[in-house]
Amino acid sequence: MIPEPSLGPAMTERYYNKGIAPKLVLACPKCGAGARFESLYGDQPLPVLLADGKAGTKQSWAGRLSCLGCGLNRTHEVDWPREAFYQLEYRGETLWAFDRAMMADIAAYLGAGPDRDTVRRQSPHATRLMRLPKTFLSARARETLITKIEALLGRG
């Protein structure tokens, strides 16, 4: 099992399960725009476990970061989810997405009400949607989260 990141209580092992996508949108460390990240290890979920040369393993979050905003292009170690471009705070917890499409699917899922199961099954992110922490799924959270997600998608 992949260890849970240290960012906020909503980042439960259940939400984080099965690793992170090898292609992400990160906040560019130079200009803050959405920058494309691709793992150095192809389609393997991050983090990738590598032999450490001492009969053990170490985690690697290495990849290539490219920003169309400022031209930054370099190798990079992801600090997930702190560097996620598509993230927002709600009641002290962090909701994150790998990319714009995943965040749009989260908004559709949250807004679906009784049709959530149908929306979830149609999404390529169905497993992640099913595992969203309860904090984000309450009717009380719906309007606020959808407004925040729409604002976030508007800037990206």
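Excluded from the calculations below are hydrogen atoms, water molecules and symmetry mates; all remaining heavy atoms, backbone and side chain alike, are included.
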(message) Under the side chain to side chain donor-acceptor pair (under 3.5 Å) definition, can you give me all pairs with a residue in residues 136-147, not counting sequence neighbours?
(response) none
(message) Can you confirm whether Met103 sits close enough to Phe98 that some side-chain heavy atom of one is under 4.5 Å from a side-chain heavy atom of the other?
(response) no
(message) If we count only N and O atoms by modelled type, under 3.5 Å, do the side chains of Thr94 and Gln87 hold a donor and an acceptor together?
(response) no
(message) Any non-hydrogen side-chain atom of Glu93 less than 4.5 Å from a side-chain atom of Phe136?
(response) yes
(message) With heavy-atom distances below 4.5 Å as the criterion, would you say the side chains of Pro29 and Leu65 are in contact?
(response) yes
(request) Go through the steps to decide whether Arg64 and His76 satisfy the test side-chain contact (heavy atoms from CB on, under 4.5 Å), and finish with yes or no. (result) CA-CA 6 Å; Arg64 193 94 196 142; His76 184 76; over 6 Å; no
(message) Within the structure provided, determine whether Leu95 and Tyr90 are in side-chain contact (heavy-atom separation under 4.5 Å).
(response) no
(message) Do Leu152 and Lys148 have side chains that approach each other closer than 4.5 Å (heavy atoms only, starting at C-beta)?
(response) no
(request) Could you check Ile149 against Leu110 for side-chain contact (heavy atoms from CB on, under 4.5 Å), going step by step and ending with a plain yes or no? (result) CA-CA 10 Å; Ile149 291 171; Leu110 295 176; 4.0 Å; yes
(message) Determine whether Gln59 and Leu49 satisfy the following criterion, side-chain contact (heavy atoms from CB on, under 4.5 Å), listing intermediate values before the conclusion.
(response) CA-CA 5 Å; Gln59 293 183 353; Leu49 296 177; 3.7 Å; yes
(message) Test your reading of the model: is there a side-chain donor-acceptor pair from Asp52 to the backbone of Gly56, 3.5 Å cut-off?
(response) yes
(message) Tell me which pairs pass side chain to side chain donor-acceptor pair (under 3.5 Å) where either residue lies in residues 31-41, with sequence neighbours left out.
(response) Arg36-Glu38, Tyr41-Ser60
(request) Mark yes or no: Arg120 above the aromatic ring of Tyr109, with NZ or CZ under 6.0 Å from the six-membered ring centre and no more than 45 degrees from the axis. (result) no
(request) Heavy atoms only: give me the nearest Val119-Ala112 pair and the separation to one decimal. (result) CG2-CB, 3.6 Å
(message) Minimum heavy-atom separation for Asn73 and Ser66, please, with both atom names.
(response) OD1-OG, 3.3 Å
(request) Could you pull out the closest heavy-atom pair between His125 and Ala101, with the gap in Å? (result) NE2-C, 4.2 Å
(message) What I'd like to find out is whether the side chain of Leu145 reaches to under 4.5 Å of the side chain of Leu88, using heavy atoms alone.
(response) yes
(request) Indicate the atoms forming the closest heavy-atom contact of Asp99 with Met102, along with that distance. (result) OD1-N, 2.9 Å
(message) Just so I know, are the side chains of Leu24 and Phe85 near enough to count as touching, which here means a heavy-atom distance under 4.5 Å?
(response) no
(request) Could you tell me which non-hydrogen atom of Gly19 sits nearest to which non-hydrogen atom of Pro45, and how far apart they are? (result) CA-CB, 4.2 Å
(request) Might you work through the side-chain contact (heavy atoms from CB on, under 4.5 Å) test for Val25 and Tyr86, ending with a clear yes or no? (result) CA-CA 7 Å; Val25 178; Tyr86 292 101; 3.8 Å; yes
(request) Drop me the distance from Arg121's CZ to Asp115's CG, to the nearest 0.5 angstrom. (result) 10.0 Å
(message) Quick check: closest heavy atoms across Ala21 and Leu46, and the distance to 0.1 Å?
(response) O-CD1, 3.8 Å
(request) Please round to the nearest 0.5 Å and tell me the distance separating atom CZ of Arg74 and atom CG of Leu72. (result) 5.0 Å
(message) I'd like to check Ile106 versus Leu132 (side-chain heavy atoms, cut-off strictly below 4.5 Å). Are they in contact?
(response) yes
